[in-house]
There are 2 protein chains.
Amino acid sequence: MKLSDRKKKILQLVIDDYISTAQPVSSKSITEKYMNDISSATVRSELAGLEELGFLIQPHTSSGRIPSVEAYKLYVNELMERGKLTGKEIGAIKNAFKERTENLEEVVSFAVKVISDLTDYTSLGFAAHSGKEKIVKIDIFRYRKNVALLLIVTENTLIKDKYIDIPNEMTDDQIKEASNLLSDLFVGKNFSEILTIGEKALEEFKNYREIFEGVMDAIEDYIDNKNNDIIMEGENKILHHPEYSDAEKVKNFLSVVTSKDRLIDLLSEDNDNIEVSIKIGGDEGEEGLSDCSLVTATYTASGVNIGTYGVIGPRRMDYQKVVSVLEGVGRILEDLLDNK
Amino acid sequence: MKLSDRKKKILQLVIDDYISTAQPVSSKSITEKYMNDISSATVRSELAGLEELGFLIQPHTSSGRIPSVEAYKLYVNELMERGKLTGKEIGAIKNAFKERTENLEEVVSFAVKVISDLTDYTSLGFAAHSGKEKIVKIDIFRYRKNVALLLIVTENTLIKDKYIDIPNEMTDDQIKEASNLLSDLFVGKNFSEILTIGEKALEEFKNYREIFEGVMDAIEDYIDNKNNDIIMEGENKILHHPEYSDAEKVKNFLSVVTSKDRLIDLLSEDNDNIEVSIKIGGDEGEEGLSDCSLVTATYTASGVNIGTYGVIGPRRMDYQKVVSVLEGVGRILEDLLDNK
DNA sequence: AGTTAGCAATCGAGCAAAAAGAGTGCTAAC
DNA sequence: GTTAGCACTCTTTTTGCTCGATTGCTAACT
């Protein structure tokens with residue numbers, strides 16, 4: 001299936017036009033707006049060809065054409081022109097990160113916010129849990145009679161807290177000793193390391209088994225439990241787009257967006273490549289993404305994964321803009337953090 | 001304006017019916033469904049009377065009637081029958097709090113979740129910031145070269161963290177000393193106390209001014225900044241209700257729900273009384289609540305305010321159910337926490 | 001062989017008129 | 001005070017019609 005240059009050009013025009021107007025595109029509008037050199041009849045026969053190839057769909061005989069899922073895929077891979085951010089947009093991004101943001105949670109939330117603002121779509125992101133984060137501080141102290149509180153602070157200023165039941169007979173001094181032991185053993189190590197040295201540590205901790213298990217639980221919990229860290233912004237921006245003028249569709253979209261498990265899966269896929277990945281939900285395609293598209297990017301700074309970010313919206317999404325924004329935010333963010 | 005018993009009865013029936021069907025209620029449906037002993041003509045004249053009194057509205061001549069804002073107010077105050085939770089519902093609530101939930105944030109989020117699940121409306125809640133929470137632990141340690149991290153843990157397991165710039169020449173021992181000083185001075189005190197003893201403390205802290213100011217900032221920030229702690233669940237449950245079948249209305253509702261500032265104000269009003277408070281948004285009434293109703297309750301356990309919770313939804317809300325759920329959750333929650 | 005103009009055919013959008021249905025208010029009788 | 005009956009009002013649904021947009025096809029043109 002080889003497309004002539006002119007077919008490609010026309011397909012691109014159709015998609016661009018459809019993305020900006022949300023209306024089926026007619027042969028006439030193409031010649032008038034973009035291609036004064038050929039007649040609409042010619043365009044018509046090209047359109048018919050593109051339809052035959054499965055790139056265009058005609059909602060009904062007397063209407064223009066809209067792009068198929070295939071067409072979008074081709075578009076994002078080959079046809080789409082890469083956009084550049086305006087100075088204003090770059091300013092907005094930089095501004096969003098002006099405040100101190102060493103805390104990873106905050107970085108994520110600022111990034112998600114600015115992405116949503118600039119693209120006018122629902123955006124989401126979550127901090128990757130690499131298990132490679134080093135522990136900076138670990139502390140245990142009595143909180144109630146039989147309950148101690150465990151605090152773990154990491155490089156990224158994730159602070160994890162957890163209650164641990166302690167036996168009646170345990171004295172404050174013993175708790176203190178356990179706490180010191182923990183610091184000696186674990187500070188400077190990352191989560192994965194700790195899990196692997198578990199056996200050996202258990203030996204040293206035999207007097208403080210409850211506490212040791214509590215710590216291990218907290219760490220496992222952290223690595224498994226991605227759920228709490230997904231952040232979303234502009235859920236209702238979807239209402240700004242005309243294809244969602246019907247409440248039934250909004251419902252559908254929101255149900256996609258609300259099932260965080262599914263989203264986390266989607267965001268987690270191929271999060272190795274820094275490049276922008278685009279998933280287009282067909283009628284069948286990516287399950288759980290019915291009629292939606294998801295554009296994601298994973299950022300790293302100084303070799304550390306600083307989260308996966310994405311935009312979710314109608315299939316008729318302004319990919320060009322979304323991609324530029326994601327790339328722009330990534331670039332600025334990475335610069336910013338590297339120069340720290 | 002005195003209503004006869006029969007008028008009251010009929011008004012109640014109209015509201016009940018309208019709440020469950022979302023359709024204007026006709027005289028005929030009243031006699032058929034609820035009052036077989038009198039004829040529809042009689043009901044009609046009563047309805048006409050209630051309309052004259054401002055309790056009912058006729059969208060157009062040939063339709064049934066719907067309740068006015070006044071009617072809802074009367075309904076929630078006098079007419080509505082108080083519901084009881086079913087065993088199943090009570091089970092669901094207890095189940096939601098089965099896990100350990102001494103952490104206030106968690107209590108709030110579980111409560112909000114269960115309220116939304118049981119009522120099928122958007123629910124929200126936030127932990128009150130009383131300033132009366134005692135500090136359990138306060139700690140400072142070096143985090144980067146010129147940055148220390150301040151951790152404050154309170155009774156309610158609120159953990160507050162904040163970066164503090166520290167001068168180059170400061171040694172780890174000095175940081176340690178400052179940290180100890182802080183513990184001695186502040187542990188066991190509540191936030192308000194600390195703010196009032198500020199002057200005196202400043203004296204003792206003259207060598208660690210940056211740190212002292214950082215602590216004070218963190219505390220002030222905590223007391224002022226309620227924003228971050230509002231939790232919402234089921235924003236899109238609104239779509240389950242037929243009056244929001246139009247995207248424009250959904251947009252409107254979501255914009256109400258998204259302006260957290262306004263919501264915090266609403267939730268904060270009269271949060272002294274434990275009773276359930278119902279605000280019905282008229283066309284003019286409670287600003288920011290256009291066409292919505294908000295039912296809120298504030299819970300306390302052992303005399304400590306444990307948060308304000310609410311349900312926001314269409315004016316045609318199932319007040320009976322919402323009130324029972326809010327009361328039920330409150331009762332169970334208070335029991336649970338008192339018996340700890 | 002590719003391009004174009006011309007034209008009939010198709011189908012949705014929009015509109016008005018007609019029909020159907022729901023509910024009321026009023027009147028007169030009970 | 002209550003009720004049956006009925007004319008009246010207004011919405012909703014249906015129907016039919018026109019208009020306009022757009023296409024696909026054919027025949028002519030370059």
Side-chain angles (χ1 to χ4, degrees), chain A residues 2-11 13-18 20-68 71 242-243 245-246, chain B residues 2-11 13-18 20-68 71 242-243 245-246:
Chain A
K2 229 177 58 197
L3 291 181
S4 71
D5 282 354
R6 193 171 68 182
K7 276 209 175 53
K8 281 188 187 169
K9 176 73 184 162
I10 289 178
L11 183 55
L13 289 172
V14 170
I15 300 176
D16 280 337
D17 197 81
Y18 184 67
S20 68
T21 65
Q23 293 296 323
V25 184
S26 73
S27 57
K28 193 160 142 246
S29 71
I30 296 230
T31 53
E32 280 177 0
K33 286 196 213 167
Y34 315 104
M35 303 186 95
N36 288 309
D37 49 335
I38 57 175
S39 85
S40 66
T42 312
V43 174
R44 262 202 298 287
S45 69
E46 293 286 55
L47 291 177
L50 285 165
E51 184 171 357
E52 188 124 350
L53 292 168
F55 291 113
L56 292 178
I57 294 164
Q58 217 175 355
H60 51 85
T61 359
S62 70
S63 81
R65 278 149 169 119
I66 62 174
S68 70
E243 50 265 72
S245 59
D246 166 15
Chain B
K2 231 176 56 196
L3 291 180
S4 72
D5 281 354
R6 193 170 68 182
K7 276 208 174 56
K8 280 189 187 170
K9 176 73 182 161
I10 290 177
L11 183 55
L13 290 172
V14 170
I15 300 176
D16 281 336
D17 197 80
Y18 184 67
S20 67
T21 65
Q23 294 296 324
V25 183
S26 73
S27 56
K28 193 160 141 247
S29 71
I30 296 232
T31 53
E32 281 176 1
K33 287 196 215 165
Y34 315 103
M35 303 186 94
N36 288 309
D37 50 335
I38 56 176
S39 84
S40 67
T42 311
V43 173
R44 264 202 297 286
S45 70
E46 293 286 53
L47 291 177
L50 285 164
E51 184 171 359
E52 187 123 351
L53 292 168
F55 290 113
L56 292 177
I57 294 165
Q58 218 175 355
H60 51 84
T61 3
S62 69
S63 81
R65 273 137 171 133
I66 62 174
S68 69
E243 49 266 69
S245 60
D246 166 14

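Please read all numbers here as calculations on a predicted model, not as lab measurements. FYI, side chains are in, hydrogens and waters are out, and symmetry mates aren't considered; it's all heavy atoms of this structure. All chains are named by letter (A, B, ...) in the order of the sequence lines, taking the proteins before the strands, and each is independently numbered beginning at 1.
Comparing atom distances between the S26(B) side chain and each of dG23(C), dG25(C), dT3(C) picks out dG23(C) as nearest.
Going from atom CD of E52(B) over to atom C1' of dT24(C) covers 15 Å, rounded to whole Å. Rounded to a whole Å, the CD atom of Q23(A) is 10 Å from the P atom of dA13(C). One interatomic measurement links the two molecules: CZ of R44(A) to C1' of dA8(C), which rounds to 13 Å at whole-angstrom precision. Atom CD1 of I10(A) is separated from atom C1' of dT3(C) by 13 Å (rounded to the nearest Å). Taking atom CD on E46(A) and atom C1' on dT3(C), their separation rounds to 11 Å, with Å as the unit. For the pair Q58(A) CD and dG12(C) C1', the computed distance is 13 Å after rounding to whole Å. Atom pair R65(B):CZ and dA22(C):P shows a separation of 18 Å (rounding to whole Å applied). Straight-line distance from the CD atom of E32(B) to the P atom of dA22(C): 11 Å, rounded to whole Å.
The local environment of NZ in K28(B) is sparse, with at most 12 non-hydrogen atoms from other residues, nucleotides or ligands closer than 6.0 Å.
A donor atom on one side chain and an acceptor atom on the other are not found under 3.5 Å apart for Y34(A) and D16(A).
Under the Watson-Crick or G-U wobble criterion, with both distances below 3.5 Å, dC30(C) is paired with dG1(D).
Each of G64(A) and S39(B) has a nearest nucleotide on DNA chain D; the 5'-most of these lies closest to S39(B). When each of H60(B) and D37(B) is assigned the nucleotide of DNA chain D bearing its nearest heavy atom, the one mapping closer to the 5' terminus is D37(B).
Nucleic acid contact class of S27(B) (heavy atoms, under 4.0 Å, all strands): sugar-phosphate only.
Along DNA chain D, read 5' to 3', the first and last nucleotides having any atom under 4.0 Å from a heavy atom of chain B are dT2(D) to dT11(D).
When side chains are defined from C-beta on, L3(B) counts as touching L50(B), because their heavy atoms get closer than 4.5 Å. Looking only at side-chain heavy atoms (C-beta outward), P242(B) and Q23(B) stay at 4.5 Å or farther from each other.
Taken to the nearest 0.5 Å, the CD1 atom of I15(B) stands 7.5 Å off from the CG atom of L56(B). Expressed to the nearest 0.5 Å, how far CZ of R6(B) lies from NZ of K8(B) amounts to 14.5 Å.
One N or O on the side chain of T21(B) and one on the backbone of D17(B) form a donor-acceptor pair closer than 3.5 Å.
Put simply, the side chain of S62(A) and the base of dC11(C) share a donor and an acceptor less than 3.5 Å apart.
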